[in-house]
Number of protein chains: 2
Amino acid sequence: METPKRRRSATRARLLEGALEVFAERGFHGASVEDICERAGFTRGAFYSNFGSKDELVLALFQATTDRLLEQIGALLPDLANQPGSLLDAVLGLLDDAAPDQRQWHLISTEFTLHALRNADAAKALIEQRAMFREQLTRLVEEITAASNLRLSVPPEQFVRLVMALHEGARSQYLLEPAKVPAGSLEHTFLPMILETISS
Amino acid sequence: METPKRRRSATRARLLEGALEVFAERGFHGASVEDICERAGFTRGAFYSNFGSKDELVLALFQATTDRLLEQIGALLPDLANQPGSLLDAVLGLLDDAAPDQRQWHLISTEFTLHALRNADAAKALIEQRAMFREQLTRLVEEITAASNLRLSVPPEQFVRLVMALHEGARSQYLLEPAKVPAGSLEHTFLPMILETISS
DNA sequence: TGTATTGGATACACAAACGTATTGAACGGG
DNA sequence: CCCGTTCAATACGTTTGTGTATCCAATACA
């Protein structure tokens with residue numbers, strides 16, 4: 001029932017999906033509204049009926065992907081926290097599984113980070129999202145260390161920042177040269193050394 | 001003497017300089033040729049007299065900045081290799097001092113990396129540049145370890161890849177929240193642990 | 001069943017950007 | 001000293017992209 005509202009939100013969702021794809025392929029500025037609509041199977045009429053402008057779409061898309069990401073994390077967390085495996089496996093697993101498509105996610109998030117470095121409003125939104133993301137990861141680290149009687153000599157959040165930074169840089173290298181830098185190789189060779197050093 | 005050619009290359013240089021600034025501010029697609037010319041103090045006539053198209057400019061700019069970067073590194077290397085300080089100080093110092101403006105360099109290189117992830121030609125150029133960059137850093141590491149009778153249990157190049165990845169990710173965090181993530185803090189807290197572990 | 005509303009398509013106006021063609025001026029060579 | 005060339009400015013045409021205004025169909029509701 002209530003087909004109208006559902007229809008509306010469905011087209012909105014398809015437009016967002018199309019925007020995600022086209023933005024990943026050509027970047028925010030490189031993609032035209034027309035491109036996005038075409039990808040989603042609509043015309044610009046549908047677009048401007050759902051979004052006020054392209055800028056508004058960018059923000060909405062960021063919010064939507066952010067929400068999905070955090071939701072996905074929320075779903076993964078319990079399993080990772082309790083189940084077997086090491087602390088590192090849990091954290092890296094979360095980073096890898098949080099987004100369905102690593103390449104697309106990397107392109108989009110990098111694009112949005114660039115955008116944020118040039119735009120105060122976007123920066124605010126991004127900072128907040130990253131904070132929530134870190135919070136989840138930090139919580140995971142705390143739970144696992146507590147459960148296994150581990151003590152870290154550095155604040156968990158700083159360790160999380162390290163893992164995120166390394167993961168981002170490594171992913172960039174991997175996407176550029178998949179053959180030369182196997183996925184996760186840097187993380188898996190060096191992070192155990194860190195953990196060994198900071199845990200007691 | 002020979003004013004004509006020098007004049008030409010001077011305007012070309014100013015256009016490249018303008019492009020660097022405007023690209024950093026608005027991104028490749030966001031910046032118009034007109035913007036660049038205005039910044040450089042010319043009109044589009046000058047631009048199309050020096051470059052065939054915007055795409056050609058992007059490549060030329062990448063080459064120019066790459067050349068300057070490698071040249072700068074070549075100038076810094078001898079000092080860092082012989083002089084005092086630790087291995088880490090040398091490597092991180094090189095990464096910090098190679099580009100005159102960290103923020104601008106990060107924006108541009110990130111932008112170009114995104115471009116490369118979508119464009120095979122750009123990818124080829126970037127891969128080559130990164131390889132030369134790594135080579136220089138690797139050489140530096142090898143020289144310093146040799147001079148101080150150090151042995152690393154991992155290939156120097158892999159260590160360099162680690163440092164570059166971490167540096168990139170950390171710089172991204174720093175630029176977004178300078179107050180929360182002091183410049184180089186992640187590198188300086190965690191890389192010594194790695195070095196301790198892998199050196200003998 | 002008729003009417004009002006809503007969502008999306010079509011058509012249109014306008015602005016921005018790219019690239020070209022032409023012009024003018026300065027300098028080099030004969 | 002004049003002529004040819006070269007570099008950058010100006011002027012122009014064309015394309016692309018955004019946003020608006022209008023139209024049409026389908027569904028909700030009376």
Side-chain angles (χ1 to χ4, degrees), chain A residues 1-62 64 111 114-115 118-119 121-122, chain B residues 1-62 64 111 114-115 118-119 121-122:
Chain A
M1 310 302 146
E2 241 176 359
T3 337
K5 288 192 180 175
R6 294 191 59 186
R7 258 187 82 77
R8 181 174 179 77
S9 78
T11 62
R12 194 184 151 94
R14 278 171 62 190
L15 283 169
L16 284 171
E17 178 66 20
L20 185 72
E21 294 175 16
V22 179
F23 280 157
E25 289 172 14
R26 312 189 198 174
F28 289 170
H29 275 281
S32 73
V33 174
E34 180 94 31
D35 291 334
I36 295 166
C37 297
E38 191 181 4
R39 177 67 56 101
F42 291 99
T43 63
R44 296 217 311 287
F47 179 88
Y48 285 101
S49 160
N50 280 281
F51 304 95
S53 68
K54 196 176 164 183
D55 282 357
E56 192 180 309
L57 166 74
V58 170
L59 260 178
L61 178 62
F62 175 72
E111 189 89 23
L114 275 181
H115 183 59
R118 300 172 179 132
N119 179 307
D121 286 342
Chain B
M1 310 302 145
E2 238 173 4
T3 336
K5 289 193 179 172
R6 295 192 60 187
R7 256 188 83 78
R8 180 172 180 78
S9 77
T11 63
R12 194 184 151 92
R14 278 171 61 190
L15 283 169
L16 284 171
E17 177 67 18
L20 184 72
E21 294 175 16
V22 179
F23 280 158
E25 289 171 15
R26 312 190 196 173
F28 288 170
H29 275 282
S32 73
V33 174
E34 181 94 30
D35 291 335
I36 295 167
C37 296
E38 191 180 5
R39 177 67 57 102
F42 291 100
T43 63
R44 296 217 311 288
F47 179 88
Y48 284 101
S49 159
N50 280 280
F51 303 96
S53 68
K54 198 176 163 183
D55 282 357
E56 192 180 309
L57 167 74
V58 169
L59 260 178
L61 178 63
F62 176 72
E111 189 89 23
L114 275 181
H115 183 60
R118 300 173 179 132
N119 178 307
D121 286 343

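In this text, all values refer to a predicted model and were calculated from it rather than measured experimentally. Note on naming: letters A, B, ... go to the chains in the order of the sequence lines (proteins, then strands), and numbering restarts at 1 for each one.
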Engineer: Look at the side chain of A/Glu56 and the backbone N and O of A/Gly52, then say whether any donor-acceptor pair between them is shorter than 3.5 Å.
Structural biologist: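 The answer is yes, because a donor-acceptor pair under 3.5 Å joins these two groups.
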
Engineer: Taking the nucleotide of DNA chain C with the closest heavy atom to each, which residue, B/His29 or A/Gly45, is nearer the 5' end?
Structural biologist: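 Checking each residue's closest nucleotide, the 5'-ward one belongs to A/Gly45.
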
Engineer: Using a cut-off of less than 4.0 Å, is there contact between a side-chain N or O of A/Asn50 and OP1 or OP2 of C/dG8?
Structural biologist: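 A/Asn50 to C/dG8 OP1/OP2: side-chain N or O found under 4.0 Å.
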
Engineer: Whole-Å distance between D/dA8 P and B/Tyr48 OH?
Structural biologist: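 Whole-Å distance recorded here is 15 Å.
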
Engineer: D/dT18 C1' sits how many Å from A/Phe51 CZ, rounded?
Structural biologist: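 To the nearest whole Å, that distance equals 16 Å.
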
Engineer: In whole angstrom, give the distance that lies between atom CD1 of A/Ile36 and atom P of D/dG17.
Structural biologist: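 Those two atoms, CD1 and P, are 11 Å apart.
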
Engineer: Determine, for A/Glu38 against A/Arg44, whether the closest basic-nitrogen to carboxylate-oxygen distance falls under 4.0 angstrom.
Structural biologist: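 No, no charged N to carboxylate O under 4.0 Å.
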
Engineer: Base, sugar-phosphate alone, or nothing: which one does A/Thr43 contact when heavy atoms must sit under 4.0 Å apart?
Structural biologist: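 Contact class for A/Thr43: base.
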
Engineer: Is any side-chain heavy atom of A/Arg118 less than 4.5 Å from a side-chain heavy atom of B/Arg26?
Structural biologist: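 A side-chain contact under 4.5 Å is absent here.
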
Engineer: For the side chain of B/Ala46, starting at C-beta, report the closest nucleotide among D/dA8, D/dG19, C/dG8.
Structural biologist: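 Closest of the options to the side chain of B/Ala46: D/dA8.
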
Engineer: Return the value, rounded to whole Å, for the distance between atom CZ of A/Phe47 and atom P of D/dT20.
Structural biologist: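 In whole Å, D/dT20 P and A/Phe47 CZ are 12 Å from each other.
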
Engineer: Base of C/dT10, side chain of A/Arg44 - is there a donor-acceptor contact under 3.5 Å?
Structural biologist: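 No.
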
Engineer: Would you check if the side chain of A/Asn50 reaches a backbone N or O of A/Ala46 as a donor-acceptor pair within less than 3.5 Å?
Structural biologist: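 It does hold such a pair.
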
Engineer: Quick one: pull up CG in B/Leu59 and CZ in B/Phe51 and give me the separation to the nearest 0.5 Å.
Structural biologist: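 It is 11.0 Å, given to the nearest 0.5 Å.
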
Engineer: Closest approach to the side chain of B/Thr11, judged atom by atom: which nucleotide of D/dA8, D/dT18, C/dG8 is it?
Structural biologist: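 Looking only at heavy atoms from C-beta outward on B/Thr11, the closest nucleotide is D/dA8.
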
Engineer: Between P on C/dA15 and NZ on A/Lys54, what's the gap in Å once rounded to a whole number?
Structural biologist: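 Those two atoms, NZ and P, are 19 Å apart.
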
Engineer: Rounding to a whole Å, what distance do you find between B/Arg26:CZ and C/dA16:P?
Structural biologist: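 B/Arg26 atom CZ is separated from C/dA16 atom P by 13 Å.
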
Engineer: In whole angstroms, how far is the C1' atom of D/dG19 from the CG atom of A/Leu57?
Structural biologist: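 The distance from CG of A/Leu57 to C1' of D/dG19 comes to 14 Å, rounded to the nearest Å.
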
Engineer: CD of B/Glu34 versus P of D/dT15: gap in Å, rounded?
Structural biologist: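 Answer to the nearest Å: 20 Å.
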
Engineer: What nucleotide, of D/dC7, D/dA9, D/dT18, holds the atom closest to the side chain of B/Ser49?
Structural biologist: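 Minimum distance to the B/Ser49 side chain belongs to D/dC7.
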
